[in-house]
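Computed from a prediction, not measured in an experiment: that's the story for all the values here.
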Amino acid sequence: MTTLSEQHDVANSAPSPGGARKLLDSLFSISQRGSTLGREVRGGLVTFFTMAYIVILNPLIIGGFGTGAAPVDVAGQWLPAAQVGAMTSLTAAVMTILFGLIANLPFALAAGLGMNSFLAVSVVQEVTWPEAMGLVVINGVLIVLFGMSGIRTAIFRAIPKDLKAAITVGIGLFITFIGFVDSGFVTRTPAGPPVQLGESGSIVSIPTMIFVVGLLIMGALVARGVQGGILIGIVASTVLAVIAEQVFKIGPGSESNPHGWHLNMPVLQGQIVSLPDLSLAGDFDLFGSFSRIGVLAATMLVFTLVFTNFFDAMGTMTGLAKNAGLASKDGTFPRLRAAFVIEGLGAVAGGAGSSSSNTVYVDSAAGIGEGARTGLASVITGLLFLGSMFFTPLTSVVPMEVAAAALVLVGTMMCSQIREINFKRFSSAMPAFLTLITMPLTYSIANGIGAGFIAWVVVNTAAGRHKKVHPLMWIVALGFLVYFARGPLTLLLG
């Protein structure tokens, strides 16, 4: 039986809530960056709910259920959707937590949409899925080496500040366009202009109306300075979506139901708790593609993966750091090299787990908009991804239309960086404009950076400002020329 003095000693030795708060503050520099514990937690929650769709979407892109709709490789094999979903959650969780702890930045990682689509549409037409994932691993190893050696940092420092600002604005426009498309606010036209408002210039679906209402709710709350405005808006919009589905029985979107929910319905489906199947872990063939299609063809595929991964992530981190107020005047941000290395490891982990290359997500901007400034927000997001492996039905309750509203709101915030671009000097204005406009119109951050790099080198040299062009800009611009011409080059080289 313990004495009163022993009980007192035990009570004093236990960590107090205040002590834990101080430990977190010291570990993540929360106060130093002008944030609070509450903001970091809210930011982590918002980022997760804004990008949780990847747990559902990634299996639909690279996985399947054994039907003809599944992306089948050259050997006639496909990736089981349930296993892809489990590995998507696990890899995103591990890499986001690791990024938060080591890089201490509020950026979350998950399977990159551009990369997984490229694998499903192009790469597996030539190699098997394990071989394709082996190429992703090689791509990740190269990016890690670029990060550790300082090459990636050197290229980052060589980018002019006008282009860095343009990258931020371009990403803002890009995620806004993503939000418009995913919500049905902007759609393709059968003929005529490439895009239109809703259908024939009118909003006709209830999910799109939920998007508009959610955007206005979030905008009003943020304008009034309400703490947690984006998170409150997401919750309120989701409640509206749940009610709308129960009342109107909208159903999932399809050819026969074009006015349905874009990806996931705001309802609980199936068992709330289920054990994840992680059997895809380690199912990759590192060098099999080189023997199947030849060294040259496999090398061109690796080149494409590296270039896309390298500059997509670099551009995303540039924009997010500026949006969070963490970037210095030259555009660099804290723990820059560590961030580049961990992001490269995300590609390795994604390939090793057959969930596709994991990279920093522009959706992290939603959490930053909520006030997140440190890696604690990433740790919160990562823990939620870990939980999503067991609670997939709960994760899917927030519809894409609600997440899209948050993206548009944050896109607005990111576009404020346009004031940093010197539009009075045409040699700066044109490359910057090409950067920010190419991203949304080609649906690619890397394409925007490439257009800006090439234009900067050519226009500034022609204007007699060649001394302002860093030698690395020339090298990267030439690399982008090869990247943009990779299709014809591949055919030419046989």
Side-chain angles (χ1 to χ4, degrees), residues 20-21 23-55 88-112 147 171 175 228 230-231 234 312-314 316-327 333-350 355 357-389 395 403 406-407 410 414:
R21 190 181 293 267
L23 180 63
L24 287 172
D25 196 336
S26 173
L27 182 63
F28 292 101
S29 306
I30 297 173
S31 298
Q32 186 179 333
R33 294 189 182 176
S35 185
T36 65
L37 183 60
R39 286 181 187 172
E40 297 303 311
V41 172
R42 288 198 304 272
L45 285 166
V46 166
T47 294
F48 172 75
F49 285 121
T50 306
M51 61 185 286
Y53 64 85
I54 191 59
V55 177
T88 299
S89 294
L90 178 62
T91 311
V94 172
M95 294 314 306
T96 301
I97 292 171
L98 193 64
F99 193 92
L101 291 173
I102 297 178
N104 194 23
L105 293 164
F107 307 164
L109 284 76
I171 292 172
I175 65 174
I230 298 176
L231 182 58
I234 288 175
D312 215 332
M314 182 182 288
T316 301
M317 285 192 266
T318 300
L320 293 176
K322 272 185 162 290
N323 194 41
L326 298 175
F333 49 86
R335 304 191 187 182
L336 179 65
R337 182 175 292 194
F340 287 154
V341 171
I342 300 300
E343 192 276 331
L345 286 175
V348 176
S355 66
S357 176
N358 273 229
T359 187
V360 172
Y361 254 57
V362 293
D363 306 62
S364 307
I368 291 170
E370 191 59 56
R373 295 294 180 269
T374 76
L376 178 58
S378 296
V379 173
I380 298 296
T381 302
L383 291 173
L384 289 170
F385 266 119
L386 201 60
S388 72
M389 289 197 304
T395 302
L407 290 181
V410 175
M414 297 185 75

Legend entry - Residue pair Glu343 / Thr316, side-chain heavy-atom distance below 4.5 Å: no

Legend entry - Spacing of CD1 belonging to Ile380 relative to OG1 belonging to Thr96, to within rounding of 0.5 Å: 12.0 Å

Legend entry - Ring geometry between Tyr53 and Tyr361 (parallel below 30°, tilted from 30 to 60°, perpendicular above 60°): tilted

Inset, instruction - Please tell me if the side chains of Leu101 and Phe28 come closer than 4.5 Å, counting only heavy atoms from C-beta onward. - result: yes

Legend entry - Contact check, side chains of Thr359 and Leu109, non-hydrogen atoms, under 4.5 Å: no

Legend entry - Reported CG-to-CG distance for the pair Leu376 and Leu105, which is rounded to 0.5 angstrom: 12.5 Å

Legend entry - Atom pair CD1/CG of Ile102 and Asn104 - distance to nearest 0.5 Å: 11.0 Å

Inset, instruction - Using a 4.5 Å cut-off on heavy atoms from C-beta on, say whether the side chain of Thr381 contacts that of Ser364. - result: no

Inset, instruction - Give a yes or no on whether the backbone of Ile30 and the side-chain of Ser35 come within a donor-acceptor separation of less than 3.5 Å. - result: no

Legend entry - Between OG on residue Ser357 and CG on residue Asp312, distance to nearest 0.5 Å: 9.5 Å

Inset, instruction - Taking the side chain as every heavy atom from C-beta outward, state whether Glu370 and Arg39 have any atom pair closer than 4.5 Å. - result: no

Inset, instruction - Report the distance from atom CZ of Phe340 to atom CE of Met314, rounding to the nearest 0.5 Å. - result: 4.5 Å

Legend entry - Gap between atom CG of Leu384 and atom CG of Leu45 - 0.5 Å precision: 5.5 Å

Legend entry - Donor-acceptor contact present, side-chain Thr47 to main-chain Phe107, <3.5 Å: no

Inset, instruction - Could you tell me whether the side chain of Thr91 reaches within less than 4.5 Å of the side chain of Phe385, counting heavy atoms only? - result: no

Legend entry - For Ala377 against Pro106, the heavy-atom pair lying closest together: CB-CB, 4.3 Å

Legend entry - Minimum-distance pair of heavy atoms, taken over all atoms of Leu320 and Met414: N-CE, 4.3 Å

Legend entry - Side-chain heavy atoms of Ser388 within contact of Phe48, under 4.5 Å: yes

Legend entry - Atom of Leu326, atom of Arg373 and distance for their closest heavy-atom approach: CD1-O, 3.6 Å

Inset, instruction - Identify the heavy atoms of Gly371 and Glu40 that sit nearest to each other, and give their distance. - result: O-OE2, 3.8 Å

Inset, instruction - Indicate the atoms forming the closest heavy-atom contact of Ala366 with Val410, along with that distance. - result: CA-CG2, 3.3 Å

Inset, instruction - Kindly indicate whether the side chain of Ile171, heavy atoms from C-beta on, has any atom under 4.5 Å from the side chain of Asn323. - result: no

Inset, instruction - For residues Ala103 and Arg335, report the shortest heavy-atom separation together with the two atoms involved. - result: O-CD, 3.4 Å

Inset, instruction - State, without any angle test, whether Asp363 and Thr50 hold a side-chain donor-acceptor pair at a distance under 3.5 Å. - result: no

